[in-house]
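Notes for the one structure printed next.
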Amino acid sequence: MEKKILILEDNLKNAAVIKQLLEECEKNIKVYIEKDLNNAYALVMQNKIHLFIIDIVLDTSLPGDTSGIKFVQSVRNITRYKHTPVIFITGLQDPEIYAYRELHCYGYIEKPFAIEQVRKLLRDALDYDVVDQKDCVLHFRKDGVLYPISCSDIIYAQSTNHQICFYLANGTKFTVYYKTCKQILEEAEYDEFIQCNRGTIVNRKYISNIDVTNGVITMEKNIKVDIGIRYKKKFIEALQW
């Protein structure tokens, strides 16, 4: 699985050094570098970030600036990021008491960088596995409004004509444009989701019956979904038959 890392740092040279060290430690990663808080927030909502590397002071023109800490405070309020490792970049003398106790900080990169120490910290953080949550929430932005959808409420999702429609347990539908099944699976990382054909993801917990011979899944509410020929083997394996 590709791990996604967000570096929020106003000094792009420092960010580039950290990015290089990350890529030396792990090949299967995607690194986002941002210095703008609004762009960083958008990335957090649109992707599943596996590691945050955050500069505590993002605006050196503001005396006493700690906008990096405020950013992490906001991130910790999002369910899927409650336990995601955070590494702070700091030149401050003693931010540790607050950050460790309140924000569950994984570690620190101190300025100026001690390269070997930074490399070891990054390697350890990349190896850190967050315990999977029982549920997760997908966030979608439509017409300037942010909509959260609990994965456990999705019966199935179907992609057609550059849009994906979520069929929810309460009988409603929610349509998102320019998203693919692959993107939804990557963003959700929800074990109950299984792709059964090119354009359909089903939620395992809502499956009532499976007709393997005819390639048909019956979901709750008597919803019928086809199993694609190319997906049949992986689908059955995913069900742990």
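Residue numbers run from 1 in the order of the sequence given. In this text the structure is predicted, and so the values were computed from the model without any measurement.
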Non-neighbouring partners of [X] that pass ring pair (Phe, Tyr, Trp, His ring centres under 6.0 Å), sequence neighbours left out:
X	value
Tyr41	Phe71
Tyr167	Tyr156
Tyr231	none

I'd like to know if the side chain of [X] reaches the main chain of [Y], judged simply by a donor and an acceptor atom lying under 3.5 Å from each other, with no hydrogens or angles considered.
X	Y	result
Tyr190	Val137	no
Lys82	Asn77	no
Asp65	Leu58	yes
Asp211	Thr213	yes
Asp59	Ser67	no
His50	Lys4	yes
Asp226	Gly228	no
Tyr32	Ala40	no
Arg141	Ala42	no
Thr180	Gln183	yes

Q: Give the C-alpha distance, both sets of side-chain angles, the deciding distance and a yes or no for side chain to side chain contact (heavy atoms under 4.5 Å, CB included) between Tyr108 and Ile89.
A: CA-CA 6 Å; Tyr108 288 93; Ile89 305 169; over 6 Å; no

[X] atom [atom1], neighbour heavy-atom count above 12 within 6.0 Å:
X	atom1	answer
Glu110	CD	no
Gln117	CD	no
Ile115	CD1	yes

Q.
Before we go on, tell me: are the rings of Phe52 and Tyr81 under 6.0 Å apart, centre to centre?
A.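 Yes, close enough.
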
(Q) Determine whether the aromatic ring centres of residues Phe166 and Tyr147 are separated by less than 6.0 angstrom. (A)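 No: the rings miss the under 6.0 Å criterion.
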
Nearest 0.5 Å, please: how far is [atom2] in [Y] from [atom1] in [X]?
X	Y	atom1	atom2	value
Leu51	Thr84	CG	OG1	9.0 Å
Tyr128	His83	OH	NE2	8.0 Å
Ile217	Met219	CD1	CE	7.0 Å
Ile56	Thr90	CD1	OG1	4.0 Å
Leu12	Glu34	CG	CD	9.5 Å
Asn214	Lys224	CG	NZ	10.5 Å

Should [X] and [Y] count as side-chain neighbours, where that means a heavy-atom distance under 4.5 Å?
X	Y	value
Ile184	Leu138	yes
Asn14	Phe113	yes
Ile54	Phe88	yes
Asp10	Thr60	yes
Ile29	Glu2	no
Ile154	Ile149	yes

For [X] against [Y], the heavy-atom pair lying closest together:
X	Y	value
Ile155	Tyr206	CA-CD1, 3.7 Å
Leu146	Met45	CD2-CE, 3.7 Å
Val225	Cys196	CG1-SG, 3.5 Å
Ser159	Cys181	CB-SG, 4.0 Å
Ser208	Glu220	OG-N, 3.5 Å
Ile194	Ala238	CG2-CB, 3.8 Å

(Q) Holding to side chain to side chain donor-acceptor pair (under 3.5 Å), I want the full list of residues that pass it with Lys120, two or more places apart in sequence or in another chain. (A)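 With sequence neighbours excluded, Lys120 shows a side chain to side chain donor-acceptor pair (under 3.5 Å) to Asp124, given in chain and number order.
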
Q.
Between Lys182 and Leu185, is the side chain to side chain contact (heavy atoms under 4.5 Å, CB included) condition met? List the steps.
A. CA-CA 5 Å; Lys182 181 181 178 181; Leu185 290 170; 5.8 Å; no

Sequence neighbours left out, cut at 3.5 Å: what donor-acceptor pairs do the side chains of residues 15-25 make with other protein atoms?
unit_1: Lys19; atom_1: NZ; unit_2: Glu23; atom_2: OE2; d: 2.7
unit_1: Gln20; atom_1: NE2; unit_2: Glu24; atom_2: OE2; d: 3.4
unit_1: Glu24; atom_1: OE1; unit_2: Arg119; atom_2: NE; d: 3.4
unit_1: Glu24; atom_1: OE1; unit_2: Arg119; atom_2: NH2; d: 3.0

Q.
Can you tell me which residue among Ile7, Leu122, Ile5 is in a side-chain contact (heavy atoms from CB on, under 4.5 Å) with Ile87?
A.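 Of the listed options, the one satisfying the test is Leu122.
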
Q) Salt bridge between Asp55 and Lys111, side-chain N to carboxylate O under 4.0 Å? A)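 Yes, charged N to carboxylate O under 4.0 Å.
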
Q: Flag the pair Glu187 and Lys179 as a salt bridge only when some basic side-chain nitrogen lies within less than 4.0 angstrom of an acidic carboxylate oxygen.
A: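 A salt bridge is present here (some side-chain N lies under 4.0 Å from a carboxylate O).
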
Q. Are Ile207 and Ile236 connected, step by step, through hydrophobic side chains (Ile, Leu, Val, Met, Phe, Trp, Tyr) whose heavy atoms are closer than 4.5 Å?
A.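 Ile207 and Ile236: one cluster.
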
**Q.** ILVMFWY network linking Val212 to Ile227, side-chain heavy atoms under 4.5 angstrom
**A.**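 Yes; Ile227 is reachable from Val212 via cluster members.
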
(Q) Apply side chain to side chain contact (heavy atoms under 4.5 Å, CB included) to residues Val202 and Phe235 and explain how you reach the verdict. (A) CA-CA 10 Å; Val202 296; Phe235 178 77; 3.9 Å; yes

**Q.** Side-chain hydrophobic cluster, 4.5 Å single linkage: members besides Tyr177
**A.**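 Joined to Tyr177, directly or through intermediates: Tyr178.
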
Q: Give the intermediate values and the outcome of side chain to side chain contact (heavy atoms under 4.5 Å, CB included) for residues Thr218 and Ile223.
A: CA-CA 6 Å; Thr218 303; Ile223 298 168; over 6 Å; no

